[in-house]
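Protein chains get the first letters and strands the later ones, always in sequence-line order, with residue 1 at the start of each.
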Protein chains: 2
Amino acid sequence: MSERNLTLLTDLYELTMMQGYFHAKDANETVIFDAFYRTNPDGNGFAITAGLEQVVEYIENLHFDKEDIDYLRTTGLFGEDFLEYLSTFKFTGDIYAIPEGTVVFPREPLVKVIAPIMQAQLVETAILNIINHQSLIATKTSRIVHAARGDGVMEFGLRRAQGPDAGIYGARAAMIAGCIGTSNVLCGQMFDVPVKGTHAHSWIMSFPDELTAFRTYARLYPTACILLVDTYDTLNSGIPHAIQVFKEMRAEGIPLTFYGIRMDSGDLAYLSKEAKKMLDAEGFTDAVISASNDLDETLITSLKNQGATINSWGVGTNLITSKDCPSFGGVYKLAAIMDKKTGKFIPKIKLSENEEKITNPGNKTTYRIYGKDSHKVIADIICLVGETFNEDEPLLLFDPIATWKKTLLAPGTYTMRELPVQVFKDGECVYHSPKVMDIQKYCKEELNTLWDETKRLVNPHEVHVDLSKPLWDMKHALLDKYHFE
Amino acid sequence: MSERNLTLLTDLYELTMMQGYFHAKDANETVIFDAFYRTNPDGNGFAITAGLEQVVEYIENLHFDKEDIDYLRTTGLFGEDFLEYLSTFKFTGDIYAIPEGTVVFPREPLVKVIAPIMQAQLVETAILNIINHQSLIATKTSRIVHAARGDGVMEFGLRRAQGPDAGIYGARAAMIAGCIGTSNVLCGQMFDVPVKGTHAHSWIMSFPDELTAFRTYARLYPTACILLVDTYDTLNSGIPHAIQVFKEMRAEGIPLTFYGIRMDSGDLAYLSKEAKKMLDAEGFTDAVISASNDLDETLITSLKNQGATINSWGVGTNLITSKDCPSFGGVYKLAAIMDKKTGKFIPKIKLSENEEKITNPGNKTTYRIYGKDSHKVIADIICLVGETFNEDEPLLLFDPIATWKKTLLAPGTYTMRELPVQVFKDGECVYHSPKVMDIQKYCKEELNTLWDETKRLVNPHEVHVDLSKPLWDMKHALLDKYHFE
């Protein structure tokens, strides 16, 4: 992505509004926008945030080429003075974000942009596009990996992804959330993640017979010898032929380090159990039994519950498209405007008849609260920047809607961690994106801070995201103000 | 896309199989692969094929850079002789495809690749990725445009698309299938399609009050003045303020050419009817009433049936992700291998317990049969290349599974058209991709060849795709052969 100019990857209205601010208002009015989401996808108990590295690249590459200016001129919507301004456009603001691989919850600002309004408005669409996509796939993957109960899950979805980027960055997000590899070679090259795969039905069909196809493959790739057994007849042809080849390898003294079978059709519960018996009977007790074929977390759970002996899962379409919930729903809302006279931020709120759609105003940050002994998440608290907390003092949490629901944390029983980090300062990147496999490691640690009840795939326990008292007061003062005016 | 090297946008197994063919078989064995799909998405009666232009660019740019070779070396899977071969790799085969914007049906080869097996195997993943994605979004869009019954539909989904490409090429596919514009500026630049959009809630919120925000916008964009009326209170604030601004424009003699309101929340049926009354009462009878907010073909149909007065639709998430069915399911299957001695293709078939998954063997093409007077589609027929048909002779069609279901078309009552065209010949592109807006025009003509019953959104009439007698005979001879062996 770093070589692509994505500056025009924006909704037209961002540009028409920019021109409006250019002409009608002080273009340098500094504002705060929050990117956040309202509901966990797929009924999950949390989300995994991802895509920040690509947001950083996008912001760093923001510039209007001559071709971009020429194109915008052809729309007839923009004046020469504004186009001239765009030709020297540069992002000069601050950005804070929650690092990739972090467990996050609804309404927490994942990305916060503090910049002149013309700049902050322009970047809305691309930031949402990138964060929405990768967070969606990371969250879906975490569900699938959870269902696999420690077995390896491989990302195999490129051919069904919604275009090249969905394949590339979807695979990246899948790796962050715990896949052990991807079939996507370009993703492997770009992000230094393990690539996986063996052969397709066409390999088998292009040989005179299955046994020859297997033998040929085994000779070429003896150290990663997973044979696809369902081209003709899994139990009567595929598995017996695979066993025959493994026996030949054993007889020839070729070490059987990583070998086994893959099934891509049929009744995977029944076939895997039969396959295990047949392999065990010949002493191939450590053979990999791999399965693919429209799998998702529900099917994997069902197969596990049926006693399927599959120990390696190739997941394609349903992972790479997040089939049951193919959008993340992140939004980007104005939270404050700086008063130029005082230099202070005036909080802004978006009203709605729907309580969930009312925004949280002001310049905010998010803290995570852990049990001191359990190291598990107790709750998150969204507060105003500048608020301080002391772990040696009691902390009163209260539900921001049903405010009578209160929890008092005793001093010394909890620890707190601020989630966002600064990513841009005055337009310069001050953040170094970790490597994907390091993010994966961090994400695994993050998942370990959740109780099992929150990781449950259906009806998970909800982690509370509370507002600090000062933020709650600010929000309700604004609500009252609008109702009285 | 033309500047990106997508050569490694492939599944690893394509490369491991390629190396296998390189070592174990004659690498120049010519084969035929068909890309086709098995089921129309979303229960639709047809699909719209799209993405060919990007397939052409991908094939033309296929080459392994030094960086690609270096990367593949690091995987430890590939030998130097094979890597050396890759460094001079070029596609030298033939490709036939059904042009973009064509109405297509299950099992028809959308793309047919005739090439040495190493080449034909490599391109599988990217061809499927591109065709699956764009055909999916084009088909979904055609449903939404159908539901809008002649009203304009705008594509607004970029922020919820599955990555940048999903936004860009999804918008391209949406334009092919009949959207009147997209909010995606980069798509507008790349494909010369109309871009649309006005302003967001943040525009309103960044002014001291709604009226000032509206007035400012109207002064800047008097010829495309659609005002967003739901930031505070649609009926009591937004619409009255919009009407006030339109009145001021009228009083100042500013021509009200394209003006109106947009609603992004609330009960769109009720609000639009109230809005229409309020606008009509002030003489603004030709005002645009535009709506957005999680729309799809079902909601638009429901709003139409409730008498909503909306006449312009902005559709985002559900279009750009094809929410109810986010994957197209196209597959790429081996159909024949050339016998080097005779130069003839030996047909190949993939068996399955599922009748739908048994492939059609051989070197095939597809004809569409139209009623001579109605100009509507009667059926499609998949046949072997070289079969000839004479419209002055009777044509017997039969169901390929329930073969007793027969239809005899009388001479002179039907016309036929071959659907695929040649795209590559000996590795050279021999096809010129039309401009997107010309494909849109062609697609509209294509949709006019369908009976209304096939365009119905729920339980549509199924158009039959039959096999010619020679193809049916070939397929069943192969099935018998496998069963007896």
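Looking only at distances, no side-chain donor or acceptor of N184(A) sits under 3.5 Å from a matching main-chain atom of L158(A). A donor-acceptor pair under 3.5 Å is formed between the side chain of T359(B) and the backbone N or O of K350(B). Listed for the N129(A) side chain is no donor-acceptor partner under 3.5 Å among the backbone atoms of A126(A). Without hydrogens or angle criteria, T10(B) side chain to L122(B) main chain gives a donor-acceptor distance under 3.5 Å. Q162(A) places a side-chain N or O within 3.5 Å of a backbone atom of P326(B) that can act as its donor or acceptor partner.
Taking 4.5 Å as the limit, some side-chain heavy atom of D264(B) sits within range of a side-chain heavy atom of L228(B). The shortest side-chain heavy-atom distance between T16(A) and F78(A) falls under the 4.5 Å cut-off. Looking only at side-chain heavy atoms (C-beta outward), F214(B) and I204(B) come within less than 4.5 Å of each other. Contact annotation: the side chain of V193(B) never approaches that of R172(B) to less than 4.5 Å [non-hydrogen atoms, C-beta and beyond]. Side-chain contact between W203(A) and T198(A) is absent, with no heavy atoms from C-beta onward closer than 4.5 Å.
With chain A as partner, the option from S265(B), S202(B), S327(B) having the largest number of non-hydrogen pairs under 4.5 angstrom is S202(B). The choice from L128(A), D294(A), L12(A), D324(A) that makes the most heavy-atom pairs within less than 4.5 Å of chain B is L12(A). Per-residue heavy-atom pair counts under 4.5 Å with chain A were compared for K357(B), R160(B), K348(B), and the maximum is reached by R160(B). If you tally non-hydrogen atom pairs under 4.5 Å between each of S206(B), G197(B), G188(B) and chain A, the highest count goes to S206(B). Highest contact tally toward chain A, considering only Y232(B), Y332(B), Y221(B), is held by Y221(B) [criterion: heavy-atom pairs under 4.5 Å]. Of the listed residues (H23(A), Q134(A), E124(A)), the one with the most heavy-atom contacts under 4.5 Å to chain B is E124(A). Heavy-atom pairs under 4.5 Å with chain A were tallied for V331(B), T317(B), V31(B), N132(B); the largest tally goes to N132(B). Considering only heavy-atom pairs separated by less than 4.5 Å from chain B, the leading option among P194(A), A24(A), A161(A), G157(A) is A161(A). Per-residue heavy-atom pair counts under 4.5 Å with chain A were compared for G330(B), G79(B), G329(B), C187(B), and the maximum is reached by G329(B). Comparing M205(A), K323(A), R219(A) by how many heavy-atom pairs each has under 4.5 Å with chain B, the most go to M205(A). With respect to chain B, the highest number of heavy-atom pairs below 4.5 Å among T216(A), L220(A), T74(A) belongs to L220(A).
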*Given the rule in the side chain to side chain donor-acceptor pair (under 3.5 Å) test, do E14(A) and T125(A) qualify, once you have shown the distances and angles that lead to the verdict?*
CA-CA 8 Å; E14(A) 313 289 12; T125(A) 314; 2.9 Å; yes
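Only the backbone of I349(A) comes within less than 4.5 Å of a heavy atom in chain B; its side chain stays farther off. Interface residue T321(A): backbone and side-chain heavy atoms are both found under 4.5 Å from chain B. Only the side chain of I168(B) has a heavy atom closer than 4.5 Å to any heavy atom of chain A. With a 4.5 Å cut-off on non-hydrogen atoms, F328(B) does not touch chain A at all. With a 4.5 Å cut-off on non-hydrogen atoms, T7(A) does not touch chain B at all. Proximity to chain B (any heavy atom under 4.5 Å) is shown, for Y21(A), by both the backbone and the side chain. Heavy-atom distances place both the backbone and the side chain of Y13(B) under 4.5 Å from chain A. Contacts between D68(B) and chain A at a heavy-atom distance below 4.5 Å involve backbone atoms as well as side-chain atoms. Both the backbone and the side chain of L9(A) come within contact range of chain B, judged by heavy atoms closer than 4.5 Å. Looking at I127(B), neither its backbone nor its side chain comes within 4.5 Å of chain A, counting heavy atoms on both sides. Only the side chain of Q121(A) comes within contact range of chain B, with at least one heavy atom under 4.5 Å from a heavy atom of that chain. Only the side chain of H201(A) has a heavy atom closer than 4.5 Å to any heavy atom of chain B. Only the side chain of L72(A) has a heavy atom closer than 4.5 Å to any heavy atom of chain B. Looking at I131(A), there are no atoms closer than 4.5 Å to chain B (heavy atoms on both sides), in backbone or side chain. For chain A, the nearby part of K196(B) is the backbone; its heavy atoms alone come within less than 4.5 Å. Only the side chain of T75(B) comes within less than 4.5 Å of a heavy atom in chain A; its backbone stays farther off.
For D192(B), the CG atom counts as loosely surrounded, since its 6.0 Å shell holds 12 or fewer non-hydrogen atoms of other residues, nucleotides or ligands.
Applying the salt bridge (charged side-chain N to carboxylate O under 4.0 Å, His left out) criterion to E29(B), with sequence neighbours excluded, gives K25(B).
The two residues Y169(A) and M190(A) have their closest heavy-atom pair at OH-CE, 3.6 Å. Across all non-hydrogen atoms, the minimal contact from V185(B) to L8(A) is CB-O, 3.4 Å.
With D165(B) as the fixed residue, the side chain to side chain donor-acceptor pair (under 3.5 Å) test singles out one of Q54(B), R4(B), H133(B): R4(B).
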